[in-house]
Amino acid sequence: MKIIRLFINKEFRQFLRDPKMFVIVLIAPIIQLVFLGYAANRDLNYVNTAVYDMDKSGKSRELLRDMEGSGFFKFNDFTANYDDLEKALDDGRVLCGIVIPDDFEKNIMNRRTADIQIIFDGSDGNKASIASGYILNILNNFSSEITAEIQERSGLKRSLAGMIIPETRVWYNPNLTTRNFMLPSIVGLILIIITINMTSLAIVKEREVGTLEQLIVTPIKPYQMIVGKLVPFTILGFVSIILVLSVMRFWFGIEVKGSLTFLFVCSFVFMLSTLGLGLFVSTISRTQQQAMITSAFLVIMPMIFLSGFAFPIDSMPEAIQYLTYLIPLKYFITIIRGIVLKGLGFSELWKDLLTLFLMGAAILTVSSLRFRKKLE
Amino acid sequence: MKSIEVKNLTKKFGDFISVNDISFDVYKGEIFGFLGANGAGKSTTIKMLCGILEPTSGDALVSGFSIDKDPESVKKNIGYMSQKFSLYGDLTVNENLNFFGGIYGLEGSILEKRKDWALKISGLENKGNILTSTLSVGFKQRLALGAAVMHEPKIVFLDEPTGGVDPVSRRKFWDLIHEISDKGMTVFVTTHYLDEAEFCNRIILINAGKLIASGSPAELKEEFIESTVLEIVCDDTIAVTELLSDEDYSQNVSVFGNSIHLILKKKYSENSEELDVIKRSISEKTGRQDNVKINIILPSLEDVFLNLLEKRE
């Protein structure tokens with residue numbers, strides 16, 4: 001125990017003397033959080049739209065007024081022909097083009113189906129699908145109004161009984177803000193960087209400099225070295241979690257709905273696997289560059305891509321979806337989103353937590369054994 | 001009393017035999033020199049003796065403990081200073097000493113006493129608070145030695161401790177080694193410098209993983225050079241060396257700066273007829289240089305080793 005304390009003390013002294021590490025642990029998370037908070041915004045405020053209205057009738061103007069009135073569409077361009085509309089889309093000036101044919105009003109009045117053409121720039125599939133959702137909604141309302149109007153005019157006053165009117169409520173993230181969804185996961189990313197990257201670097205540095213050899217000839221036990229190396233980074237991990245949560249709360253106004261204590265417990269369990277991976281990387285790297293590259297490309301990047309942080313797991317091919325079950329970050333993101341946004345606790349999240357714990361225990365055990373063997 | 005007992009120690013890395021079946025003993029309190037060219041297997045041997053590297057076969061008892069079966073007990077009884085400076089550069093001198101002393105279980109007043117001693121021998125009294133990386137090489141090496149022996153181990157292993165150090169610092173370092181040896185610690189030291197080997201009580205020489213000679217410096221000189229050694233001072237040493245090496249009477253010729261060491265095939269008494277003949281022959285080779293001097297000298301260890309290594313090739 002005394003030796004472990006000595007080792008931890010040594011690690012912290014070294015840490016405090018290294019301003020670069022200081023920046024990585026304390027400043028980088030905040031910068032990352034703030035940038036991501038503003039950059040990770042998939043919401044559409046309004047859709048730039050070009051309109052080619054061939055009909056120029058009362059009904060077509062009524063429809064356009066409804067769209068503009070929804071607040072989602074902004075008509076930048078009223079074109080006089082189809083080519084101009086195409087050009088506006090090609091140039092990327094607008095995301096959406098609406099073409100109203102010249103028989104629009106006539107068809108409606110004659111109770112025939114009236115067509116309009118809507119073109120999206122699908123190069124950003126996400127934006128296009130959001131925008132098309134908005135439009136469908138508006139068109140639905142518009143046509144039911146027309147039906148009602150025609151029915152009224154023809155004297156068939158019918159109640160709207162039997163119709164389903166959904167009253168949608170979005171829970172947990174009422175404004176569907178991407179930021180609220182993304183930011184809690186930053187806790188996971190920061191922990192990954194501190195525990196995988198920095199742990200492996202710190203160990204490999206000792207090998208590179210030769211101090212590891214000096215340590216091996218002392219009677220220090222491998223487990224004392226492992227614990228002595230990992231505990232400081234666990235503490236640094238907690239420091240950065242507190243930082244990230246504070247910035248989230250006081251800068252972006254995202255409060256942790258669930259229990260903070262439970263969040264810390266889960267973070268610790270998550271760190272078992274990431275510290276284990278860091279230790280593992282250190283056993284397969286001879287130099288700090290190798291450790292850096294291995295941890296960044298072989299561990300961290302796949303983890304981020306497959307965890308559901310960047311891309312939704314549901315839209316991945318089935319084979320890849322199975323692969324994501326092996327990614328500890330996936331479970332942690334589920335947990336942290338659950339705690340921060342939904343206020344979930346142990347009774348809802350225990351399965352993810354248990355999986356994370358088993359994975360962590362396995363990874364840490366394997367890495368420790370490997371580290372031990374490597375020393376001998 | 002035996003401090004280290006090496007028995008048929010062998011280490012293979014794949015097909016490469018780094019240390020090939022060597023056996024030797026080191027006695028308590030002696031300064032034991034371990035010599036050999038780069039890649040001869042010195043560091044591999046030292047690492048096995050320190051319990052860091054497992055031997056492929058054979059064993060050694062270090063301070064009575066088997067390096068194969070009980071390396072942890074070995075580690076408690078030794079100090080080790082590696083070729084590369086391996087204290088923490090980003091810790092202060094005191095922090096380094098606290099850390100390594102602490103790992104060996106030193107604490108309280110004993111730790112303070114030993115720390116003071118380590119600071120004294122490394123010439124860093126009152127400089128405990130400077131960052132270790134800012135020290136010069138000579139200070140670093142003495143500090144590393146201090147850190148390696150502050151727990152007063154029975155045996156201390158020094159792996160090329162004086163590499164890259166100026167002659168004055170080297171001499172100071174050897175004074176320290178003697179001081180440690182006087183305290184009763186066994187010193188096991190590897191070195192390239194054969195003048196340093198002269199300071200050792202006993203030496204072994206290995207080449208390509210095999211032990212080729214052992215004994216005290218004086219014994220080695222007697223045993224392996226049973227013939228007269230001449231020192232020839234002349235101008236064009238290289239040309240003369242070449243001329244001499246073809247002669248019947250010469251066994252080994254090597255250049256030492258502005259002189260040549262010529263090992264003859266036999267031992268001649270100082271004023272013998274035969275030696276005069278040889279001397280005349282040498283004078284012919286050197287030509288009409290005025291300042292040529294030919295003297296009988298005692299062989300140095302360098303003569304011994306060059307002679308031994310060349311015989312092997």
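Excluded from the calculations below are hydrogen atoms, water molecules and symmetry mates; all remaining heavy atoms, backbone and side chain alike, are included.
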Task: Carboxylate-amine/guanidinium contact Lys205(A) Glu208(A), below 4.0 Å - done: no
Open item on the list: If I measure from the heavy atoms of chain A, does Ser73(B) come under 4.5 Å with its side chain, its backbone, both, or neither?
Closed with: neither
Task: Any donor-acceptor N or O pair under 3.5 Å, side chains Arg13(A), Asn9(A) - done: yes
Open item on the list: Students often mix this up, so state it plainly: with edges at 30° and 60°, are the rings of Phe15(A) and Phe12(A) parallel, tilted or perpendicular?
Closed with: perpendicular
Task: Region of Lys2(A) in contact with chain B, defined by heavy-atom distances below 4.5 Å - done: side chain
Open item on the list: Using a 4.5 angstrom heavy-atom cutoff, name the option from Tyr80(B), Tyr88(B), Tyr104(B), Phe85(B) with the most pairs to chain A.
Closed with: Tyr88(B)
TODO: Give, as side chain, backbone, both or neither, the part of Ile3(A) having an atom under 4.5 angstrom from any heavy atom of chain B.
DONE: side chain
TODO: Verify whether one side chain among Ser169(B) and Gln141(B) offers a donor that lies under 3.5 Å from an acceptor in the other.
DONE: no
Task: Short side-chain donor-acceptor distance under 3.5 Å, Asp159(B) and Thr190(B) - done: yes
TODO: Classify the angle between the aromatic ring planes of Phe188(B) and Phe157(B) as parallel (below 30°), tilted (30 to 60°) or perpendicular (above 60°).
DONE: tilted
- [ ] Examine whether an atom of Gln83(B) lies under 4.5 Å from a heavy atom of chain A, and if so say whether it belongs to the side chain, the backbone or both; otherwise answer neither.
- [x] neither
Open item on the list: For Lys76(B), which atoms come within 4.5 Å of any heavy atom of chain A: side chain, backbone, both, or neither?
Closed with: both
Task: Part of Gln224(A) lying under 4.5 Å from any heavy atom of chain B - done: neither
- [ ] Please look at Asn98(B) and chain A and tell me whether the side chain, the backbone, both or neither of the residue comes under 4.5 angstrom of a heavy atom of that chain.
- [x] backbone
Task: Separation between CD of Glu206(A) and OG1 of Thr211(A), rounded to the nearest 0.5 Å - done: 3.5 Å
- [ ] Go through the atoms of Leu87(B) and report whether side chain, backbone, both or neither lie under 4.5 Å from a heavy atom of chain A.
- [x] backbone
